[in-house]
Each structure stands twice: as C-alpha cells, then as structure tokens.
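For reference, the structure is listed below as structure tokens.
Start at 1 and go down the list; that is how both ligands and their atoms are numbered.
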Amino acid sequence: MTEQRLYNFSAGPAVLPVSVLKKAQEELLCLPGAGASVMEISHRSKQFEPIINGAETNIRKLLNVPEHYRILFLQGGALLQFGMIPMNLLGSKSADYIITGSWTKKAASEAKIAGKVNTIWDGKDVSYKRKPAASEYKINPDAAYVYICSNETIEGVQYQTFPDTGSVPLVCDSSSDIFCRPADITKFGLLYACAQKNLGPAGVTVVIIRDDLVERSPDTLPSLLHYKKIAEQKSMLNTPPCFAIYMVKLVTEWLLNEMGGLEKVHAFNKEKAALLYETIDNSGGFYKGHADKEFRSIMNVPFRLPSEELDKKFETEAKSAGLTTLAGHRSVGGLRASIYNAMPREGVIALRDFMVDFAKKNG
Ligand SMILES: *Cc1c(COP(=O)(O)O)cnc(C)c1O
C-alpha cells in the first residue's frame, strides 16, 4: 500500500491544495482558541461564526458578489439543487433547459418531477461536443428561469460566453468550474456548486442567489428546502456541515492569498489545460479529445486512444506511474484527466510526459 500522495486526476471528490490539507491537519485536534476541533464545537459558537462568515466573505471577494445576492451553504450536493431550484423558482411557470451533457440531462429530469420543463436545446445530435450558439435556441420570455451547466464534467465541454437571457434569470450549475476563472455574477440569478470538485470536501453546496429569486420560495415547501428561510437564518436553520464549510474557507483563502485571485488562477488553469490539449492535437490522431476546440474545458479533459484495450492499458500503466483515477465516467468510457485548481502544474507535466511516451511505445 502506498503511503505517498499521488497525482490524483479524479473528477470528484477531487484533489485539494496540499497547503490547505496541512493547515487542516495542524488545526485538526484543536482549532486555535476553541479547545476542540471544528467538528466538536457548536455551529453557533463564537469560534465557528468567523469560519462561516469568512467563507462567505472570501466567496464575495473572489467573484465580486454584490450585496443584493445571498450566499447559502446547503447540504444534499448538486442533486438536491436539481430539485430545489424548480421547487423554489417555478411558481406556476415553466423553465427553459439547455441540455449540453450528462449533468443538464439529469437536472432536467429531476426538475420534471417538480414542474414543467422545456428543453430549448439538446446537444445529443452533436454528441454533446459543444454548447449552442444563441441562434440555435429560443428563450420563452415568460420562463421562470433558463438553466445551464457552465462546465459539463463528464463530456469536458465548457461555456466560453454565457447565454444572454434578457430579463429571464439565468441559473447555472458551476459545480466543476466555480473559481476556475473570473465570472460576472450579475449575469446570473442563481449560481451554485457542490464542493467536492473545486471547493472542498463533499457535504456542502454553495448557492449564490439574487434577492428577488429568494423571494419566490413558496410556503408549501418544508423549511430545509426553502431558500428564503435558509437565507433568513444565514444557512443555520439546523446544524450546517461545519467541517466542510471550514474547508471551503481554507480553500477560498488559498485562492485569494496563495494563488492571488481568479485572474491568476485562470492563467494557471489555461496553461495546464493547454499542455494536455497540445499533446492530444500533436499525437497524430493517437489521442482523440471529445469537445470541439472552442468549447474545451480547462477543468476536465476527456480523451480516447485507438481502442478500448489501449484505454485500459493506458489507465493501468499510468496508475503504476503514480497518475491515478484517469478512467472516464462509467457512462462514456475512455479516459478523463480532471485538472481542477488544486492540481499542481507538475502533475499535469507528469501526465503530459507519460502521454507522449505511451504514444511512442504504442502508436
Ligand atoms: C459532480 C457534479 C454534479 C453532481 O454532484 P453531487 O453533489 O454528487 O450531486 C452535478 N453537476 C455537475 C456539473 C457536477 O460536476
């Protein structure tokens, strides 16, 4: 059994910054001033208050989130948001969904349980290789919201510019690319991310929601599904996932202080992604990417080799070389390198070198 950290290309739960893990380790037995760990103290204590407030302040700083947006820390992962969004925002209306891959497909099918969904574009005819052009869909001006996923984690397809939805609120699942680049939050009515890709451990989901949308929550919903009640109680209707929120605070601190903010994070991510895409493009067809070039994700890089046998061989040999969790999602196969914010440049270089070498030996 290995006791060494390897380069972990998992799509989620995914790699976290070493300095964050070290800080958490340092404070694991005793949070300074608390006499106990963060897992052992009241969520209403004066020691926890600066943690949840600090996480919120950091998120506000990173994305310049204006005052008229609330930041909520919820449980239930992205999947619960697939249901909570329609339950809170639909009212008597329907919502428009842009289906660009596995996660929007799943979100739409969950939303259909809660209400009426119109699919205004579905990329299945283009094998979910790209996002649509504005001319390819028509937004219903009376829709409750338009739903998108900024980065389809499984297909590795990312929006470069977001749809202009006019006065219809844009709702975005940013689970696998939040904080990978700067974003203008005012373009969105609601943007959310489960933590376990780019934010921290599983167990907390960050929802950034505009005040007017918070007001839509119907009184028929149980409290814990009700955005407005959650917002009013500052995500403390009941015990929040304290440890996960603590980790989000450390990760966002790392983004601000060590990485130097999202412009720098973006440059870093583009550089890492380019190392892999160039290798794919220069492999003479040995490696094939999935997404059309202009929609390539800088977070998830799916690729295939000439045969499933070679895919398997690549995965096995990469693992022996200390490059782990490179299998593609079970629904699509192939390989996938997830290179979130916390993946160091050295990890991507090691994978690039392995790819070049493997192609030479097996091409
Ligand atoms: C991982 C992921 C999900 C699912 O997250 P859960 O927290 O497991 O429900 C949803 N959307 C996207 C874009 C994801 O990457």
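Rounding to the nearest 0.5 angstrom, the gap separating the CE atom in M84 from the CG atom in L72 is 7.5 Å.
Contact analysis leaves G12 out of contact with ligand 1, as no non-hydrogen atom separation drops below 4.0 angstrom. Note on ligand 1: K106 sits outside its first shell, no heavy atom being nearer than 4.0 Å.
Against a heavy-atom cut-off of under 4.0 Å, F82 is close to the following atoms of ligand 1: 10 (C). For ligand 1 and K197, the ligand atoms under 4.0 Å from any heavy atom of the residue are 1 (C), 2 (C), 3 (C), 14 (C), 15 (O). Atom numbering of ligand 1 starts at 1 in the shown order; those under 4.0 Å from a heavy atom of T153 are 12 (C), 13 (C), 14 (C), 15 (O). Close approach of ligand 1 to L79 is summarised as follows: ligand atoms under 4.0 Å from at least one heavy atom of the residue are 9 (O). Near N151, the atoms of ligand 1 lying under 4.0 angstrom from a non-hydrogen atom of the residue are 13 (C). Every atom of ligand 1 with a heavy atom of C194 under 4.0 Å away is listed here by number and element: 5 (O), 7 (O).
Between D281 and R296, at least one side-chain N (NZ, or NE/NH1/NH2) sits under 4.0 Å from a carboxylate O, which counts as a salt bridge. A salt bridge links K187 and D184; the closest N-O separation between the charged side-chain nitrogens and carboxylate oxygens is under 4.0 Å. Salt-bridge formation is not detected for the pair E155/K131: no Lys NZ or Arg NE/NH1/NH2 atom is positioned less than 4.0 Å from an Asp or Glu carboxylate oxygen. Ion pairing between E315 and K312 holds under the 4.0 Å rule for side-chain N and carboxylate O.
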